[in-house]
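The structure under discussion appears below in the form of structure tokens.
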Amino acid sequence: MADIQHINRQFGIPGVLSFGEGAGGLPVARVENGFAEAEIALQGAHLLTWQPKGEAPVIWLSPQARFAPGKSVRGGVPVCWPWFGVHASEASYPAHGFARTQMWDVIASSHDDSGTHIVFELRPDNTARGQWPQQYRLQLVVNIGAALSMGLVTHNSGQAAFSIGEALHTYFHVGDIGAVRVTGLEDTDYLDKVRGFDRFHQEGAVQVDSEVDRVYVDTAAECVIHDDHLGRRIHIAKTGSLTTVVWNPWAEKCAEMGDMGENGYRRMLCVESANAHDNVVTLQPGESRTMAVRYWVER
Ligand code: BG6
């Protein structure tokens, strides 16, 4: 990866977008425009913050997050790819794939009346190639505006078909988890990781009063986080994704994890747009697929 000053000269946009050193010395993109402020680490193309003007932060970043080369950051939007969760056969490979801990390149930036656009591309190192020896191009296209849009584009540039699991593993900031409900998943089936991956049916809205780790399958619906404490609704619209994962570790796991902050579980909820388990995606040679999300706040 080129040095951060060089990236700034090439892709910085005066008054809107700059590249510099962030927490732990990790290079970051900083956006401040008429709509919002945001920070994105180049490691993992990991969006750390997004705060529309006049609004409380929409994305949760743990106050105890660790920033170090090759380590995933607790909070923000980890990019899980090319597998979701534990690797199917190699327990020593990193959970949720290698994309979230590799350094990505910046390949384009622009600004217009919808916001600031940045395109990141992953060129894997030898470790990643050893774990997943496929030929591909992977890009994350981000737009920082009054809404936050992200598109994860996978292109199969090899001669053989391959399958991927993927997720935009977004940690949303909530006022208090006890005052939150998620709509949009009614009448769908989910695999419950807390109960041995058994399959259950979702009846009404999702509410969280204990550990929740659910993989909702075959659902393309928009979800809404109703947050009575902050008096707002966060909309989560998606395309190219048939799985939605809802995760909150609750008190005990939160305390064990060590990077959640004290009672951090009360102020976050992951609603992840994904293709996982029943919905892993197969790409033929030459094929491209995009999984995209759009988040916005309504009061
Ligand atoms: C969720 C999984 O997507 O991510 C959970 O469903 C997991 O099982 C969580 O605990 C956090 O994963 P990690 O690897 O970032 O600690």
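Nothing fancy with the numbering, it's 1 onward along the sequence. Just so we're clear, the structure is a prediction, and the values are computed from it rather than from any experiment. One-based numbering, in listed order, for ligands and for the atoms of each. No hydrogens, no waters, no symmetry mates; every other heavy atom, side chains included, goes into these values.
For His96, the ring-ring contact (aromatic ring centres under 6.0 Å, His included) criterion is met by Phe84, His169, not counting sequence neighbours. Residues satisfying the side-chain contact (heavy atoms from CB on, under 4.5 Å) test with Gln207, not counting sequence neighbours, are Arg181.
No option in Trp50, Tyr171, Phe172 other than Phe172 meets the ring pair (Phe, Tyr, Trp, His ring centres under 6.0 Å) test with Tyr295.
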Please tabulate, one line per pair, the protein N or O atoms found under 3.5 Å from any N or O atom of ligand 1, giving the distance to one decimal.
| unit_1 | atom_1 | unit_2 | atom_2 | d |
| --- | --- | --- | --- | --- |
| ligand 1 | 3 (O) | His169 | NE2 | 3.1 |
| ligand 1 | 3 (O) | Glu272 | OE1 | 2.9 |
| ligand 1 | 3 (O) | Glu272 | OE2 | 3.0 |
| ligand 1 | 4 (O) | His96 | NE2 | 3.1 |
| ligand 1 | 4 (O) | His169 | NE2 | 2.7 |
| ligand 1 | 6 (O) | Lys193 | NZ | 3.0 |
| ligand 1 | 6 (O) | Asp213 | OD1 | 2.6 |
| ligand 1 | 8 (O) | Lys193 | NZ | 3.3 |
| ligand 1 | 8 (O) | Asp213 | OD2 | 2.5 |
| ligand 1 | 14 (O) | Arg100 | NH2 | 2.9 |
| ligand 1 | 15 (O) | Arg74 | NH1 | 3.2 |
| ligand 1 | 15 (O) | Arg100 | NH1 | 2.9 |
| ligand 1 | 16 (O) | Arg74 | NH1 | 3.1 |
| ligand 1 | 16 (O) | Arg74 | NH2 | 3.1 |

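Tyr190 has its ring centre no less than 6.0 Å from the ring centre of His201.
Under the 3.5 Å distance criterion, with hydrogens and angles disregarded, a donor-acceptor pair is assigned to the side chains of Arg214 and Gln202.
Applying the side-chain hydrogen bond (donor to acceptor under 3.5 Å, both in side chains) definition to pairs two or more places apart or across chains, those involving residues 146-157 are Trp81-Thr154, His155-Ser288.
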